[in-house]
Structures are given as structure tokens and as C-alpha cells.
> 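Pasting in a structure now, in C-alpha cells, and then I'll have a few things to ask.
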There are 2 protein chains.
Amino acid sequence: MSVMLLTPRPESPRSDPTPAAHDRVYRGLRTRIMHGAIAPGQALTLRGIGAEFGVSMTPAREAVRRLVAEGALQLSSSGRVSTPELTNERIEELAALRALLEVELASRALPRAHMALIDRLQTINASIGEVIEAHDAVGYIRTNLEFHRTLYLRAQAPAMLAMAETVWLQLGPTMRKLYGRLQRRETPHFHKLIIAALKAGDEPGLRLAVRSDVTQGLRMLTT
Amino acid sequence: MSVMLLTPRPESPRSDPTPAAHDRVYRGLRTRIMHGAIAPGQALTLRGIGAEFGVSMTPAREAVRRLVAEGALQLSSSGRVSTPELTNERIEELAALRALLEVELASRALPRAHMALIDRLQTINASIGEVIEAHDAVGYIRTNLEFHRTLYLRAQAPAMLAMAETVWLQLGPTMRKLYGRLQRRETPHFHKLIIAALKAGDEPGLRLAVRSDVTQGLRMLTT
DNA sequence: ATGACCGACATGTGATCACAAACGAGCCGG
DNA sequence: CCGGCTCGTTTGTGATCACATGTCGGTCAT
């Protein structure tokens with residue numbers, strides 16, 4: 001009778017066939033927020049989110065709770081959901097956190113950085129130029145983060161990387177406002193310094209370059 | 001007729017009269033985990049949590065999701081909830097994070113540290129001796145964290161403090177195992193160094209003392 | 001005695017519902 | 001013309017339910 005019950009999931013084991021609904025919603029919202037696709041102060045509704053992802057309120061609520069826990073979303077006293085509008089003090093704090101965490105991550109990645117990694121970084125850096133040409137703010141943020149993440153992945157420090165990503169998440173909506181403002185810009189200077197320091201195995205130089213790259217953009221964000 | 005409608009909340013604005021159920025559950029579980037009241041690897045069930053707090057599964061699930069997002073709980077592939085058993089690599093990483101964040105927090109608190117703060121720290125430090133006498137592991141962790149939090153609150157850096165607390169949360173169950181092991185111990189030496197550095201306004205000394213205090217305990221945790 | 005199978009129970013997931021609170025637009029009095 | 005009230009609608013919250021899946025026990029064949 002129930003012989004078929006032994007293979008309840010005929011799909012391939014890799015790439016979970018049906019990711020949990022709340023996880024799909026979480027990931028969808030997360031990347032949007034981190035890439036700056038949502039403006040600060042934007043209001044969201046659970047029913048709206050659910051409708052957008054084709055699920056009911058329950059998974060939408062779970063995804064929102066998770067994002068609130070990570071500081072990516074804000075809850076008003078009445079439970080309304082919105083992307084946070086950051087104060088200057090908070091922006092400075094988050095910039096300091098980025099500096100702390102990412103300098104450490106880069107430093108740990110340095111001894112593990114092979115030529116293949118540097119090549120990939122240069123490729124990513126080149127594509128940053130393209131998105132700048134296209135005036136694609138979201139694409140710029142996404143590619144920039146990809147550059148940093150690619151480097152930090154070599155640090156073999158998942159907890160630290162997760163914390164750095166949490167900070168990125170909190171800065172997402174605000175970064176959109178920043179990069180929407182200053183349109184013209186060449187491919188980031190400090191990225192080249194980072195790559196040069198990696199090639200030279202120059203740890204102090206790498207720390208300084210990362211710190212500068214992180215600080216530079218955020219400094220002009222404080223109104 | 002409806003003049004009273006302008007004061008929809010006759011209660012005092014502080015201490016929300018009926019905190020949301022999911023928040024009560026979240027806070028309850030959170031402090032338990034952070035204080036090391038739950039052993040690593042301990043399994044939990046949504047229905048069990050709900051029953052314990054007198055709520056249904058829904059708020060229990062939200063609280064759990066939030067704690068999972070903060071790394072305080074772990075989800076097995078099938079969705080089962082448990083406190084994580086940390087690997088040595090992860091413990092070292094979290095210790096490094098504590099060092100990074102807390103040194104920075106202490107450094108920021110230093111210029112704001114008045115005599116009243118130092119007095120409070122000394123009072124807390126004294127009570128640490130008592131809980132050590134009583135062989136109260138949970139009390140020790142709680143009081144120790146109170147010492148650190150009291151200092152870091154002066155840093156006026158809420159985002160950074162929140163990150164530090166997240167790290168504490170992840171280390172909670174594992175710390176229980178540690179402090180359960182080594183029973184006898186005098187009131188922590190490095191706390192006295194921290195207080196001395198605060199009195200002297202000695203920033204390098206403070207940074208070193210905090211780093212030592214954070215590192216010391218965690219070092220003997222790596223199996 | 002040992003191992004695989006199978007079935008009952010436990011558990012997480014997501015949808016739906018009832019309810020309370022909050023928001024907002026319209027209305028009324030000034 | 002303006003300000004405050006009011007009521008309908010929107011929205012979040014929590015309980016409950018049906019269902020799929022996982023887990024653990026016993027059972028039976030070898």
C-alpha cells in the first residue's frame with residue numbers, strides 16, 4: 001500500500017526543492033533591503049508581504065520578526081512594520097562596527113588569499129565600473145557587497161561574517177539614499193588599494209585600505 | 001461624550017501593561033539562555049514552550065525564530081529547536097568578537113565614566129564574590145554580565161552593545177558548562193584591573209584589562 | 001539475538017479565523 | 001475655514017486546525 005511513502009521527495013536532494021515559505025519570504029525581503037531596494041521609512045504590511053510572495057500572513061510574520069531581530073526592519077509601538085530611518089549617531093556607530101569587523105575579517109583573510117581570489121576580486125571590481133556607468137544604485141551596492149563578501153569568505157570566520165552582514169543589512173535602506181545622491185564616480189579607489197595590499201601581503205596597508213573604504217562612503221551619509 | 005477617548009492608555013506610559021505574548025516568551029527564553037540556565041544541545045518544542053508560558057504555538061514560534069536569528073538557538077534540518085553545541089572554532093571566533101566589541105565599548109565608555117559608575121561597578125564586583133561562595137553558576141554569569149553591561153552602557157553605543165549581547169547570547173549555554181566545571185575561584189582579578197584603569201583614566205590599560213578578562217574565561221572553554 | 005520494517009505518536013508548518021487596536025477619511029460644530 | 005469627533009476599514013495578534021514529516025517504539029523475519 002504505502003511503498004511509495006519511502007520516497008516522499010523525488011526531487012534532487014541538493015537545492016531544497018520547496019524551501020520553507022517563511023524562508024523564501026525572509027530571503028526575498030533580506031536581499032531587497034540589503035541592496036537598498038527599499039527606501040528608509042517605507043511602510044510594509046504583513047498581508048501585503050504575504051500576497052506578494054503568495055503565502056499567508058503566518059510566514060510573512062515570521063520573516064518580518066527575523067528581520068526585525070537583525071535590525072533590518074523596525075516595529076512601531078502598534079506593531080506596524082517599516083524600514084528604519086537611521087539617525088546620524090546610529091550611522092556613525094554602524095560605520096564604526098563595519099570598520100572594526102571588516103578590518104579584522106580582511107586581516108584574517110590575508111594569509112589565505114591566493115591568486116585565484118585576487119583575480120575574482122579584480123573581476124568583480126571591474127563590473128562595478130559597469131553598474132556605475134548605468135547609474136544603477138542597487139546594482140552598485142550589490143556588487144560592492146559582493147566584493148567585500150568574496151574577500152571575507154576567505155577569513156573562515158562565519159560568525160564574524162554574519163555580524164558584518166547584519167550591519168550591512170541595517171545600512172541597506174540608508175545606503176540607497178546615499179548612492180542615489182552621488183551619481184558620478186569612478187570605480188572605487190580603495191578597492192584597488194585593497195587588492196594591491198593583498199598582492200603585497202601588506203597587512204597594515206590592508207587594514208588601512210579596508211578601513212578607509214568602509215569609512216569613506218558612510219562619512220558623507222551623515223546629513 | 002467621548003472626552004476620555006483622548007487618553008486611550010490610562011496606565012502609566014512606562015512598563016507596558018500587557019506585553020505582547022511573543023515578547024514575554026522571547027525575553028523569558030533569552031535571559032535563560034544568556035545566563036546559561038539551559039545546557040548546550042538541549043532540545044525544545046514549540047508546544048512545550050507555549051505550555052510553559054501559557055500561550056499557543058504561534059507566539060512560541062515567533063520567539064524561537066527571533067532567537068534563532070540571533071544565534072541563540074539552532075534549527076535542525078527538520079525544524080527541531082535546540083540550543084547549539086559550539087565547536088572550538090566557533091568559540092574562538094566568538095571570543096575574538098567579544099574582545100573586538102567590548103574593548104571598543106570600554107574605550108568609548110572611559111571618557112564618560114564618573115565616580116558613581118565606578119562605585120556601582122565595585123558594588124557589582126563585590127556581589128560576584130557572594131555568588132561564587134554559593135557555587136551559583138547561573139548567578140555568576142548573570143552578575144558578570146551585569147558588570148560588563150553597566151560599563152558599556154556608558155559608551156552610548158546601543159547598536160554596538162546589542163551586538164555584544166548577541167555574542168553573549170550565543171555563548172550562554174556553553175558558558176554554563178565552563179563555570180560549572182571550575183567551581184572554586186576568587187572574584188575575578190581582571191575586574192579589579194578594569195576598575196583601576198577607569199579610575200586612572202588609563203585607556204591602553206583599560207583595553208588590555210577588558211581584552212584579558214574576556215579572553216581568559218573563554219580560553220579554557222576550548223575542549 | 002539482530003536488523004529492517006512499520007505504524008503510532010510527536011512535532012513543525014502554514015492557512016484561516018475572531019478579535020482588538022489603530023489609522024484615516026468624512027462629518028459636524030464652531 | 002478649521003479642529004475635533006466618529007465610524008468604517010485596515011492591520012497586527014494569537015488561537016486553532018489540517019496536514020506533512022520526522023522520530024521512536026515495537027514487531028517480525030532471519
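Just so you know, these numbers come straight off a predicted model, no measurement behind them. By convention in this document, chain letters (A, B, ...) are assigned in the order of the sequence lines, proteins followed by strands, and residues within each chain are numbered from 1.
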> For the pair made of NE2 in A:His22 and P in C:dG14, what is the distance, rounded to whole Å?
5 Å
> Could I get the full list of salt bridge (Lys or Arg N to Asp or Glu O under 4.0 Å) partners for B:Asp23, not counting sequence neighbours?
B:Arg27, B:Arg66
> Could you pull out all residues at least two apart from A:Thr143 that satisfy side chain to side chain contact (heavy atoms under 4.5 Å, CB included)?
A:Ile124, A:Ser127, A:Ile128, A:Val131
> Under a 4.0 Å heavy-atom cut-off, which of residues 39-48 of chain A touch DNA chain D?
A:Leu44, A:Thr45, A:Leu46, A:Arg47
> With a cut-off of 3.5 Å and sequence neighbours excluded, list every side-chain donor-acceptor pair involving residues 160-168 of chain B.
from, atom 1, to, atom 2, distance (Å)
B:Glu165, OE1, B:Arg30, NH2, 3.3
B:Glu165, OE2, B:Arg149, NH1, 2.4
B:Thr166, OG1, B:Ala162, O, 3.0
B:Trp168, NE1, B:Glu102, OE2, 2.7

> If the helix axis at each end comes from five base pairs, how far does the helix from C:dA1-D:dT30 to C:dG30-D:dC1 deviate from straight, to 10°?
0°
> With A:Ser212, which residues qualify under side chain to side chain contact (heavy atoms under 4.5 Å, CB included), at least two apart?
A:Phe190, A:Leu208
> Heavy atoms within less than 4.0 Å of DNA chain D: which residues of residues 50-76 of chain A have one? Give them sorted by number.
A:Met57, A:Arg61, A:Arg65
> Applying ring-ring contact (aromatic ring centres under 6.0 Å, His included), can you list everything that pairs with A:His22, at least two apart in sequence or on another chain?
none
> Write down the distance between OH (B:Tyr26) and P (D:dG14), rounded to a whole number of angstrom.
15 Å
> Test of understanding: with ring-ring contact (aromatic ring centres under 6.0 Å, His included), list the residues that count as partners of A:Tyr26, not counting sequence neighbours.
none
> With heavy-atom distances below 4.5 Å as the criterion, would you say the side chains of A:Leu151 and A:Leu105 are in contact?
no
> For B:Arg108, what residues pass the salt bridge (Lys or Arg N to Asp or Glu O under 4.0 Å) criterion, not counting sequence neighbours?
B:Glu104
> State which residues pass ring-ring contact (aromatic ring centres under 6.0 Å, His included) with A:Tyr152; sequence neighbours excluded, sorted by chain then number.
A:His148
> What pairs meet the ring pair (Phe, Tyr, Trp, His ring centres under 6.0 Å) rule with one or both residues in residues 48-98 of chain A, with sequence neighbours excluded?
none
